[in-house]
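Notes for the one structure printed next.
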Amino acid sequence: MCGIIGYVGSENALPIIVKGLKKLEYRGYDSAGIALFGAAGFDVVKQKGTLSALEERLAGSTLSSFMGIGHTRWATHGEPSDINSHPHVGSKGRIAVVHNGIIENYRQLRERLTKRGIDFVSQTDSEVIPQLAEYYYDGDMLDTVVKVTNALGGSYALGFMCVDEPGTLIAVKKDNPLIIGVSEHGNFIASDVPAVLRHTNKVYYLDDAEIAVLTKDGVRFYNQDKDPVTKTPETVTWSVDSAEKGGWPHFMLKEIMEQPKIMRDTIRAAAEQAYLPNPGAAAGGLDVANFDKLVITACGSAYNAGVVAKYVFERLCRIPVEVELASEFRYKDPIVDERTLVILVSQSGETADTIAAMREAKSKGAVTLSIVNVVGSTISKEADHCLMTLAGPEIAVATTKAFSAQLVVLYTLAVGFAVRLGKLTPEQGQGMLEEIESLPEKTETILEQVDAIQKYASECIVYKSIFFIGRNIDYAIAMEGSLKLKEISYIHSEAYAGGELKHGTISLVEENTLVVAIGGCERLHGKIMSNIEQVISRGAKVLFIGNSREDDMGGKLSFVAIPKVNELFSPSLSVIVLQLFSYYVAANKGLDIDKPRNLAKSVTVE
Ligand code: F6R
């Protein structure tokens, strides 16, 4: 979490950094700050609150510089406050730093420096970095950065400026993302590509322990022994518009509406990666016949995509699948070996727990396959095999389009594996693929119902608690519906397997409880309808998302229709309704949908 940016070039760094921070705000938004290289030291402006509070402070500012760094914070150590905001400057005022990550040994370092008479002003872990850098500095910033990183424990992406080395910006990272952008007018460091897209699509992905030294004329890379390293820039295919709101009230709504297109793009790419008709070559030579079981591990919504996929893989491939929260998997001494395929699902490719889960799996000899949206991210690079989702940049904190893209990759993979294992004939596999290919068009018909869903959602802001139920794969997607609602609308919600209600949960249902029931699984239509009757007879109101309904149960049952599709792929349709429902509940409550409280999009700390 936290977003960092830095610029050195021929243009004024101030507006470039502030605009770049806007694109990184999804990473943290409890305070923000900038430091510009000035004639007499650094000009530092830091402000508690969202970026707009910093912008207000800077309004009418005449500050100008060819170099600067900026930061948008998601507090871990020390409350959100002006003083705890970044950039942090050492007490001599010589070195300024922005940091994303956590310094785990900061207490020891702080104690050592305090004994040497250095005064700290903030409660953050990050302040030890500029203090340590000033302590080590003896005229060579590259050398100082090596010494500092040798002393630091934990994770970091760092940008440094030193008063004694004008025109030089230095960056280094460990376990947190950092890209280097190169443009005609200057060079950048940033936590993520959208921050620099308006200036360049040429980026270098920094690896752990590599050091980048940027001037306005170029970038040089070094290893920890200060030997030069040769790197090749990559060309980002994301358009500038893809990271702009483009007239939509929120990124989340824009991203929901983009789903037919990104599903089409992702399905096409997934199918081209030769799952069908040559599934033996799936995912770069990966052969499912080599595995006894699959493990899918991920966090949050990506985990929910994994739960959906478990139903699909098990039904089509008849191979056991375990789905594990990455934060649990990493510490459970998992039973995996070289005959296990561990699938990591992650939009950002930088989620700390998912990275740790991947490394744990690899250390036990398992083969890893990642499904990732961000090119060059840690998980995309470190996994043995990688499939990309083509969702483009996802800015809203609550994921929508990346989730949909993950689902279609997982479905396509499952079909390819099933054909390879002889559980589906190539013709049956082709038929399945055609069903998957029909999803974007069917999604469009759901998006056409937006007005009706909005109207219904606007009446739901009164609820204190909302339950989501489904059976089998509908239960899996109910979990995603519940997560989406709670994270952006702050309404308590839980997802339950429909059949489980009577084992305890139904006691929570009372007059006017709202239950959202999902019925994409035609086979189990009668079962979910029984559950609906059970809750309605106890006073609940129900929103039913399914293919058809028999009656409106005395006005207690509202209905949103989703088109028919093979039940295994129906979560892709029900989730569109669930996303729109959550979005409009939150919108009608007037909440800051793209930046829900306490959340950041990319959870790069544990
Ligand atoms: C929910 C959401 C989060 C992420 C989770 C994993 O809307 O966005 O739950 O799904 O933090 O993030 P990635 O996919 O980047 O690993």
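Whatever order the structure lists them in is the order used to number ligands and atoms, beginning at 1.
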Would you tell me whether N176 and S155 have side-chain atoms, one donor and one acceptor, within less than 3.5 Å of each other?
yes

Nearest 0.5 Å, please: how far is OG1 in T351 from CD1 in I379?
5.5 Å

Atom pair CZ/CD of F569 and E437 - distance to nearest 0.5 Å:
11.0 Å

Between [X] (side chain) and [Y] (backbone), is there a donor-acceptor pair under 3.5 Å?
X	Y	value
D384	T368	yes
Q347	A302	no
K589	I461	no

Of the protein's non-hydrogen atoms, which lies at the shortest distance from [atom], and what is that distance?
atom	answer
atom 7 (O) of ligand 1	E487 OE2, 2.5 Å
atom 14 (O) of ligand 1	Q347 N, 2.6 Å
atom 6 (C) of ligand 1	C299 O, 3.3 Å
atom 10 (O) of ligand 1	S301 N, 3.1 Å
atom 12 (O) of ligand 1	T351 OG1, 3.5 Å
atom 11 (O) of ligand 1	V603 CG2, 4.1 Å
atom 15 (O) of ligand 1	S348 OG, 2.7 Å

After noting the C-alpha distance and the side-chain angles of T399 and E394, does the key distance pass the side chain to side chain donor-acceptor pair (under 3.5 Å) rule?
CA-CA 7 Å; T399 183; E394 192 178 59; 2.8 Å; yes

N or O contact, Q406 vs ligand 1, cut-off under 3.5 Å:
no

Ligand 1 contact by E350, heavy-atom criterion under 4.0 angstrom:
no

Take a 6.0 Å sphere around NZ of K22 and say whether it holds more than 12 heavy atoms from other residues, nucleotides or ligands.
no

In ligand 1, which numbered atoms sit nearer than 4.0 Å to a non-hydrogen atom of [X]?
X	answer
A302	10 (O), 14 (O)
V397	8 (O)
K484	1 (C), 7 (O)

